There are 2 protein chains.
Amino acid sequence: MQRVTIQTVADKAKVSIKTVSRVLNKEGSVRETTRDKVLAIIAELGYEPSPAARALARNSSKIIGLIYDNPSAAYITDVQNGALNACDKNEYSLVIHPCLQEGESLTEDLINLVQRSRLDGLILTPPITDNKLIIQALLDKKIPFACIAPEQTSSNYSSVSCNDSVIGKEITNYLIDSGHEKIGFIIGHADHGAATQRFTGYQEALLAANINISEDFIVQGDFSFESGLKAAERLLNLSDRPTAIFAANDYMAAGTLRAAFSLGIKVPSELAIVGFDDAPVSRQISPSLSTVKQPVSKMAETATNLLIAKIKDPKKSNEHHVFNAELIIREST
Amino acid sequence: MQRVTIQTVADKAKVSIKTVSRVLNKEGSVRETTRDKVLAIIAELGYEPSPAARALARNSSKIIGLIYDNPSAAYITDVQNGALNACDKNEYSLVIHPCLQEGESLTEDLINLVQRSRLDGLILTPPITDNKLIIQALLDKKIPFACIAPEQTSSNYSSVSCNDSVIGKEITNYLIDSGHEKIGFIIGHADHGAATQRFTGYQEALLAANINISEDFIVQGDFSFESGLKAAERLLNLSDRPTAIFAANDYMAAGTLRAAFSLGIKVPSELAIVGFDDAPVSRQISPSLSTVKQPVSKMAETATNLLIAKIKDPKKSNEHHVFNAELIIREST
DNA sequence: CAACATAATGACAGCGCTGTCAAACATTTA
DNA sequence: TAAATGTTTGACAGCGCTGTCATTATGTTG
């Protein structure tokens, strides 16, 4: 059995391959009767155009890369699913690229990846979104890209984000409204811009409520469970310990819960805990965690759509979409 | 600036493009001095062969698809990372394909995906590995594939797995050795072959220890936290309730822990809990869960290597690799 | 040193599509 | 009805590689 190519279709439809190509690419300038005839034969033969041949002829692969260096599996799969949605709808393919290495060579590796795989563009996720070297290199090489939740926006590329500082303020206010005044904060990884904004929101809320916080109540973590555990131990061993702790993500909040558990501190009666991200663990622990849910998948989808639009029309101006996050109140507060 | 192609390299090296091609593909029959010269120029120009042109000329995309329909993000990313490792080493690309739909059309969709994207082969993960329709369709269409943890092995395709029944027996024995006789079991999703084997191991251990278990001690779940919660509530409300519960995965074990928590049952003093999979949650809850860790990433890497070997040489016989899982004893027992 | 075997190299077609440009056809206008 | 315009179609080159097969260089033998 011979492979079905554009030629097969053209022969059977008694038109030239160019006409079939026009139909495939919805180019217009094809009489409706002709188009219907071609379409019918394509369906009949189950013809699928060869991506390789198209890529070669067009000099564009219709593949975009998703770059991440993020320890949260749940976050990653959400991002992947959103990006895949957008890709499917636009007939693009997605290639995933975790970069587990922190190395100096990351910039080089990325450029190399794009060149070797002939990617049409990239989606960047935090914390890579905040890597100036990489951003600059991509800009220099004129490789289209879009960012998910970058620390700051830029007119040089499209991006999507949540207003983390607003939400951070909101959840802090919620704690204040519940009667807490001694609210500890566990900061996330320093590279992660959005995490910094969560902290900013926390500070703003306290300021607005005229609450003074000692330096001791603010502890550095790195988003991991263990770092949350350690940070919380420090907070909870203070002579005048906080009655509420806001951790910049759920893993650290889970660590906080465990620290409380070890120290025999009851949650939420003696200590309220809030996390961030609505990671699965926030539902799976007891008491379940109050947290913040971002529409991660939707954000990734939007970023991908923006990227694809930019690839299709490089002159298109860059956009920045802001999404709303949602407070989820559970048992830990 | 003109794009660097094989012609550019050939011209500069004063050889034919065919010779450059030979060097690129390590074909042999190239004098060492010639090869070194070509290699030097490739490096100098930073030449990268066009995947599209190669795919077109070879009629093979060097892309494999990873198919999954699995709710566990941690598992998925482990599998992805393992598969990516193998792909990178062999200069293959990986395209991920979650199939969230349960639909009848899944078989058709998969075949379609392979044809449209011209995938060279597929990696299947549970529970799709046990879908006879899909397996048969792939076999019929002569699409190469390999399975990760299928319910049963077959000489028609390569696969990798852990001996879940052996491990299930082992962990049950561990509970028995700790003095438990009343051991409940929460079964996983019925489609999932490996889960069934975990149950088999449990039964074998009890049989060997001459322990009789009432039907009541065995409850059906579906791998989700909620199903574990419900199942555990049933078990723990029995008049003669179990002193230990073996859940077929960690999410259900986490649900069990929560049920115990709600009912005021102390873990591990009044109830021992073991899970399966070493999901992140097993470390992040208090008390942390005793569980079983499978080398998921390594398994995926091996499966991918087997697939690639098969793609390169279709006459190669199929292999089945068995991996060892590891008991991880934590606080819940 | 001729006659042969073998290793190294190159010329060229072709993979399946898209882009360019010219040709054919249809429609309007004078 | 002829010319002028616009619309639809097709011929053909070329994208950057690999496969086939012919050719040339090198080594080996009697």
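Proteins get letters first, then strands, A, B, ... in listed order; numbering begins at 1 in each. What you see below is based on every heavy atom in this structure, not just the backbone, and it leaves out hydrogens, waters and symmetry mates. A quick note: this is a predicted structure, and the numbers were derived from the prediction, not measured.
Atoms OH (B/Y47) and P (D/dG16) sit 9 Å apart, rounded to a whole Å. In this structure, A/R118 atom CZ and D/dG16 atom P are separated by 8 Å, rounded to whole Å. Whole-Å rounding puts the B/I6 CD1 to D/dG19 P distance at 11 Å. The CD atom of B/E32 sits 16 Å away from the P atom of C/dA7 (whole-angstrom rounding).
A salt bridge links B/E44 and B/K12; the closest N-O separation between the charged side-chain nitrogens and carboxylate oxygens is under 4.0 Å. Taking a cutoff of 4.0 Å between a charged side-chain nitrogen and a carboxylate oxygen, A/K89 and A/E301 qualify as a salt bridge.
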With the criterion being N/O to N/O and under 3.5 Å, what pairs connect the protein with nucleotides 9-15 of chain D, and how long is each?
residue: D/dT9; atom: OP1; partner: A/T34; partner atom: OG1; Å: 2.6
residue: D/dT9; atom: OP2; partner: A/R31; partner atom: N; Å: 2.9
residue: D/dT9; atom: O4; partner: A/R22; partner atom: NH2; Å: 3.4
residue: D/dG10; atom: OP2; partner: A/S16; partner atom: N; Å: 2.8
residue: D/dG10; atom: OP2; partner: A/S16; partner atom: OG; Å: 3.2
residue: D/dG10; atom: OP2; partner: A/T19; partner atom: OG1; Å: 2.7
residue: D/dG10; atom: N7; partner: A/R22; partner atom: NH1; Å: 3.4
residue: D/dG10; atom: O6; partner: A/R22; partner atom: NH2; Å: 2.6

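There is a side-chain donor-acceptor pair under 3.5 Å between A/Q7 and A/D11. Of the N and O atoms on the side chains of B/N81 and B/S297, not one donor lies less than 3.5 Å from an acceptor on the other residue. Checking A/R118 against A/N59 by side-chain atom types alone, no donor-acceptor pair falls below 3.5 Å.
Of the possible polar contacts, one joining the A/T304 side chain to the A/A300 backbone as a donor-acceptor pair under 3.5 Å is found.
In the set C/dC17, D/dG19, D/dC17, the nucleotide with an atom closest to the side chain of B/E27 is D/dG19.
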